[in-house]
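Reading through the structure tokens given below for one structure.
Throughout, a chain's letter reflects where its sequence line sits, starting with A, and its residues are numbered from 1. What you are looking at is a predicted structure, and each value in this text was computed from that prediction instead of being measured.
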There are 2 protein chains.
Amino acid sequence: MSESYKVGSQIRDFLRGLLDVYELRQGGEPRSDKEQDRQAEIEWGPRINLAELRDLYAPHQVEPFTVPPGGIDNLALHSTDIFTIPGRGEFTVDFAGYFRVARENQTTKDWTTFELLVNIIDLKLYGQSKDMGDIAVSLKPDVLSSGQIFPATGPQAPAKCRIATGVVFDLPQLGLSVFNKEPILLMNEHVTSIPPVDDPNGHALLFMLPLFDRKNPSGKAVAFLTSLRYGADNYITEAEAQSFRAPRRMQG
Amino acid sequence: MSESYKVGSQIRDFLRGLLDVYELRQGGEPRSDKEQDRQAEIEWGPRINLAELRDLYAPHQVEPFTVPPGGIDNLALHSTDIFTIPGRGEFTVDFAGYFRVARENQTTKDWTTFELLVNIIDLKLYGQSKDMGDIAVSLKPDVLSSGQIFPATGPQAPAKCRIATGVVFDLPQLGLSVFNKEPILLMNEHVTSIPPVDDPNGHALLFMLPLFDRKNPSGKAVAFLTSLRYGADNYITEAEAQSFRAPRRMQG
């Protein structure tokens with residue numbers, strides 16, 4: 001690496017640091033929640049204002065075929081993911097955990113005309129593979145995972161949902177941490193309530209989605225996500241949510 | 001807007017300008033082609049080194065079921081896209097044009113073991129809609145459209161291809177220019193030659209892909225791409241490629 005490259009690099013880092021300080025002090029946009037202290041560098045859709053929304057926990061009743069007031073849903077979540085790792089093979093892993101989804105306030109309760117944006121603002125899933133050991137999934141902090149629920153064509157017809165999601169898969173036994181650059185598109189075309197609860201119909205629309213090594217993010221993909229099916233379960237209690245949010249110690 | 005916000009904003013802009021100048025002067029990575037003078041801000045996959053590749057034009061022979069040396073393919077392209085614009089309806093538009101795809105050099109000709117990265121480095125498509133007028137599609141300059149060809153399971157079996165693509169749709173009669181934040185995933189599971197030519201089997205894997213207004217990029221989606229089918233046609237001549245690359249005047 002040339003000396004002039006190093007100097008340029010140091011100057012760039014210095015300027016970036018200055019920029020960070022100014023952006024934190026002056027605030028580009030109003031921040032309304034701890035999760036948003038660090039602004040996403042990549043936004044796959046609009047950011048929801050969290051200031052006017054409150055967290056919803058169990059017990060909480062969900063009504064079918066109607067649009068509730070906005071809120072932040074804390075829901076149990078499970079998924080079955082299939083990974084292909086070149087040279088190692090294909091691995092199917094079951095995950096369980098929770099996600100926290102901000103859902104904006106709506107001007108209508110009408111199931112056929114509403115328009116509703118969502119952001120996933122937290123996600124924790126844990127799984128185990130006999131080949132790969134523990135796997136922890138968390139939301140990628142520099143990406144805004146963003147989505148939308150589309151209205152139904154009739155009062156008893158299903159609504160549809162899409163959320164573009166950015167995550168990190170940590171595999172401590174392999175010393176590997178991988179992430180997606182293209183969104184994992186979580187979707188469900190059979191939504192009968194908002195939020196969907198006890199609903200096993202979710203899947204990710206993807207084809208050989210590349211996963212990149214955080215230690216070498218510009219390099220080739222080191223793994224591919226080839227299938228993901230998920231179910232949104234029901235509301236969890238505030239205590240359960242706190243326990244998911246707490247850092248978990250895994251064997252490294 | 002408060003005075004302190006304005007000052008902060010000016011300082012940020014100044015620092016960003018400085019950063020741009022340093023990054024241009026010092027060069028983060030080697031640039032090897034005019035298209036790469038402006039570094040992509042978003043990269044959906046690895047960047048191919050164009051320095052060792054030459055442009056390929058008609059006439060150029062393609063052999064089935066084998067991996068050719070790297071090159072930059074200049075191919076005719078056509079597509080049929082379906083858009084949904086909330087409040088306006090659904091529109092189907094036929095496009096024709098070309099794309100320029102950089103394909104890295106390969107260490108093997110073997111159809112069952114190769115590993116091949118591609119970048120789309122130019123794309124121009126033109127279509128007309130009786131409702132929306134002229135539509136021009138071009139590559140989004142601040143995104144690196146990146147993809148991969150996967151080997152076949154047997155010597156006469158199809159290979160598979162995926163390219164995450166970022167584009168701008170210009171609709172001058174509507175005074176509208178929209179772009180995608182999530183990649184348009186061009187894919188083909190029936191690839192019998194590299195590059196695929198005279199191959200109508202391409203489609204985009206998508207579900208209600210949001211398109212955003214360039215004048216209001218953080219706002220809600222103003223349109224959705226709901227279907228895209230495409231065909232890679234054959235090599236075009238250098239003169240044809242030049243004519244596609246030239247700026248085209250459309251009624252504004």
Side-chain angles (χ1 to χ4, degrees), chain A residues 2 4-29 41-47 84 86 115 117 144 146-148 150 160-162 164 180-183 185-189 205-210 212 216-221 224, chain B residues 2 4-29 41-47 84 86 115 117 144 146-148 150 160-162 164 180-183 185 187-189 204-210 212 216-221 224:
Chain A
S2 77
S4 87
Y5 178 83
K6 265 196 262 178
V7 170
S9 182
Q10 284 159 3
I11 291 172
R12 282 199 302 278
D13 288 347
F14 169 73
L15 290 175
R16 281 218 181 82
L18 231 53
L19 204 53
D20 286 347
V21 168
Y22 269 100
E23 296 202 329
L24 271 174
R25 291 233 178 106
Q26 305 290 331
E29 284 180 326
E41 289 165 21
I42 294 173
E43 301 191 349
W44 283 324
R47 180 179 294 278
T84 292
E115 183 184 292
L117 299 179
L144 178 68
S146 172
Q148 186 160 353
F150 298 98
K160 296 174 183 182
C161 167
R162 73 185 318 284
N180 59 304
K181 294 185 183 181
E182 302 172 37
L185 182 61
L186 303 181
M187 60 173 285
N188 185 342
E189 297 189 75
L205 188 71
L206 51 79
F207 172 65
M208 292 291 280
L209 187 99
F212 297 91
N216 182 24
S218 302
K220 291 185 183 179
F224 296 89
Chain B
S2 76
S4 88
Y5 178 83
K6 264 196 261 177
V7 171
S9 182
Q10 284 159 4
I11 291 172
R12 281 199 302 278
D13 288 346
F14 170 72
L15 291 176
R16 282 218 181 80
L18 230 53
L19 205 53
D20 287 346
V21 167
Y22 269 99
E23 296 203 330
L24 271 175
R25 291 233 178 107
Q26 305 289 330
E29 283 182 325
E41 290 165 21
I42 293 173
E43 301 191 349
W44 284 322
R47 180 179 295 277
T84 292
E115 184 184 292
L117 299 178
L144 179 66
S146 173
Q148 187 160 355
F150 298 98
K160 296 172 183 182
C161 166
R162 72 185 320 284
N180 58 305
K181 294 184 183 181
E182 301 172 38
L185 182 62
M187 60 173 284
N188 185 341
E189 296 189 77
L205 187 71
L206 51 78
F207 172 66
M208 292 291 279
L209 187 98
F212 297 90
N216 181 25
S218 302
K220 291 185 181 179
F224 297 88

Worksheet item: Going by heavy atoms in the side chains, are B:Gln148 and A:Phe224 under 4.5 Å from each other?
Response: yes
Discussion item. Are the side chains of B:Trp44 and A:Pro210 in contact, using a 4.5 Å heavy-atom criterion?
Written reply: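 Result no, sub-4.5 Å side-chain heavy-atom pair not found.
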Worksheet item: Who wins among B:Arg162, B:Glu189, B:Lys220 for the most heavy-atom pairs under 4.5 Å with chain A?
Response: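 Among B:Arg162, B:Glu189, B:Lys220, the one with the most close pairs to chain A is B:Arg162.
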Worksheet item: Could you state the interatomic distance from CD (A:Glu43) to OG (A:Ser146), rounded to the nearest 0.5 Å?
Response: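 Interatomic distance, A:Glu43 CD to A:Ser146 OG, rounded to 0.5 Å: 8.0 Å.
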Practice prompt. Would you mind checking which part of A:Leu185 comes under 4.5 Å of any heavy atom in chain B, side chain (CB onward), backbone (N, CA, C, O), both or neither?
Written response: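 It is the side chain, since no backbone atom gets that close.
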Worksheet entry | Engaged part of B:Met208 at the chain A interface, taking heavy atoms whose separation is under 4.5 Å | both
Item to complete: For residues B:Leu209 and B:Asn180, report the shortest heavy-atom separation together with the two atoms involved.
Response: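 Nearest heavy atoms, B:Leu209 then B:Asn180: CD2-CB, 3.7 Å.
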